Amino acid sequence: MAVRFLSVTRRYPIDLCRLTPSAVTRSVVGLFSTAAEQRSTGDDCHGDDGDDDHSHSVTHVRTLELRARKLEEQVHDLTERYKRALADSDNVRRRTQKFVEDAKLFGIQSFCRDIVEVADLLEKSAEVEERDGVQQLTQYLAHIQGRLQDVFTKHGLEKMTPVGGSYDPYQHEIVCHTPAEGVEPGTIAVVKQDGYMLHGRTIRHAHVGIAVKTQEQ
């Protein structure tokens, strides 16, 4: 108590010698009352600061919660979009695969439709021979040959004509050598089996014979 009194008197100096006992008592009580009020005021200020910090913390937590919810919604939305895109991609892949399979199966449909017409002509060749004889049959077969070449040309299939030309390993296959009679040595003199190209690409090499010089030449 004495210590508290001394500390108060240091902050609020008074001349105790000039005061009466009752005045001293009132002064001491007044000093303690003033000090208590100031302390109470200080405590109130600190209490307000604590409330402000707590309110700020609560607000910050709520802000973080809102952000977390928004991020969760965005993640959910992106996940759904990814699933839909994945499903669409799978559908496109399946349709493309079906188109490729159909192209493999029915890509030559037009060619087959034309070639069966030639087959029909060949089936009738026996009737022509019985009815009109060998001479008419020869003419009929020539007609079939022309019709067949028309079908080939329509679909980009071309027969090679290499006689007299130079040897090309991408188009020709040498199967023999023959004396150079009427052609330049080293060129193609004879064709043993026709070669064919489809739209400029070799699909069957021509079997050819190359002309060579003989000792007599």
Side-chain angles (χ1 to χ4, degrees), residues 1-14 24-119 148 150-160 168-173 195-206:
M1 184 70 178
V3 174
R4 293 183 61 186
F5 175 74
L6 290 175
S7 63
V8 171
T9 56
R10 288 194 186 97
R11 297 179 62 184
Y12 304 97
I14 56 175
V24 170
T25 301
R26 288 195 300 273
S27 298
V28 171
V29 172
L31 289 173
F32 278 108
S33 297
T34 303
E37 290 176 358
Q38 291 179 354
R39 183 176 180 182
S40 175
T41 302
D43 293 341
D44 291 341
C45 291
H46 288 297
D48 293 340
D49 292 341
D51 292 340
D52 291 341
D53 292 341
H54 178 70
S55 176
H56 178 72
S57 299
V58 172
T59 303
H60 184 63
V61 170
R62 290 178 179 175
T63 302
L64 292 178
E65 290 177 350
L66 290 175
R67 290 180 181 178
R69 290 176 184 174
K70 289 182 179 180
L71 289 175
E72 289 178 356
E73 292 175 356
Q74 292 177 359
V75 169
H76 178 73
D77 181 60
L78 291 175
T79 301
E80 292 299 321
R81 290 184 181 182
Y82 171 75
K83 290 180 179 179
R84 289 195 295 269
L86 192 63
D88 292 341
S89 176
D90 188 59
N91 290 334
V92 171
R93 182 186 61 80
R94 291 180 180 178
R95 288 197 296 267
T96 303
Q97 184 177 1
K98 184 65 167 57
F99 291 154
V100 171
E101 292 176 354
D102 289 346
K104 290 180 179 179
L105 292 175
F106 305 107
I108 61 172
Q109 180 176 349
S110 177
F111 177 78
C112 292
R113 186 168 46 246
D114 291 335
I115 206 70
V116 294
E117 295 180 2
V118 178
L148 183 62
D150 290 342
V151 172
F152 286 171
T153 302
K154 176 182 177 181
H155 294 279
L157 186 62
E158 180 183 0
K159 183 170 71 172
M160 300 179 188
D168 185 346
Y170 295 102
Q171 298 181 0
H172 313 133
E173 181 179 347
Y196 286 88
M197 301 179 69
L198 180 63
H199 298 294
R201 176 183 293 181
T202 300
I203 62 172
R204 191 177 80 173
H205 287 68

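Note that the numbering runs from 1 along the sequence shown for the chain. These numbers were taken from a predicted model, which means no experiment stands behind them.
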Report all side-chain donor-acceptor pairs from residues 65-78 shorter than 3.5 Å, counting only partners two or more places apart or in another chain.
unit_1	atom_1	unit_2	atom_2	d
D77	OD2	R81	NE	3.2
D77	OD2	R81	NH2	3.4

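- The shortest non-hydrogen separation linking A206 to G195 is CB-N, 3.5 Å.
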Give the table of side-chain donor-acceptor pairs shorter than 3.5 Å for residues 150-159, with sequence neighbours excluded, one pair per line with atom names and distance.
unit_1	atom_1	unit_2	atom_2	d
T153	OG1	Q149	O	2.9
K154	NZ	D114	OD2	3.0
H155	NE2	D114	OD2	2.7

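- For the pair T202 (side chain) and Q171 (backbone), a donor-acceptor distance under 3.5 Å is absent.
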Taking only distance into account, with no hydrogens and no angle test, what donor-acceptor pairs under 3.5 Å do side-chain atoms of residues 103-112 form with protein atoms, sequence neighbours excluded?
none

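- Under the rule for a side chain to side chain donor-acceptor pair (under 3.5 Å), R84 has no partner lying at least two apart in sequence or in another chain.
- Remark: E173 pairs with no residue by the salt bridge (Lys or Arg N to Asp or Glu O under 4.0 Å) rule, at least two apart or across chains.
- Applying the salt bridge (Lys or Arg N to Asp or Glu O under 4.0 Å) test to K98 and every residue at least two apart in sequence or in another chain returns D102.
- Not counting sequence neighbours, S89 has no partner by the side-chain contact (heavy atoms from CB on, under 4.5 Å) test.
- Partners of R95 under the salt bridge (Lys or Arg N to Asp or Glu O under 4.0 Å) rule, at least two apart in sequence or in another chain, do not exist in this structure.
- Every residue meeting the salt bridge (Lys or Arg N to Asp or Glu O under 4.0 Å) condition with R93, not counting sequence neighbours, appears here in chain and number order: D90.
- Considering every non-hydrogen atom in both H172 and M160, the closest pair reads CD2-SD, 4.4 Å.
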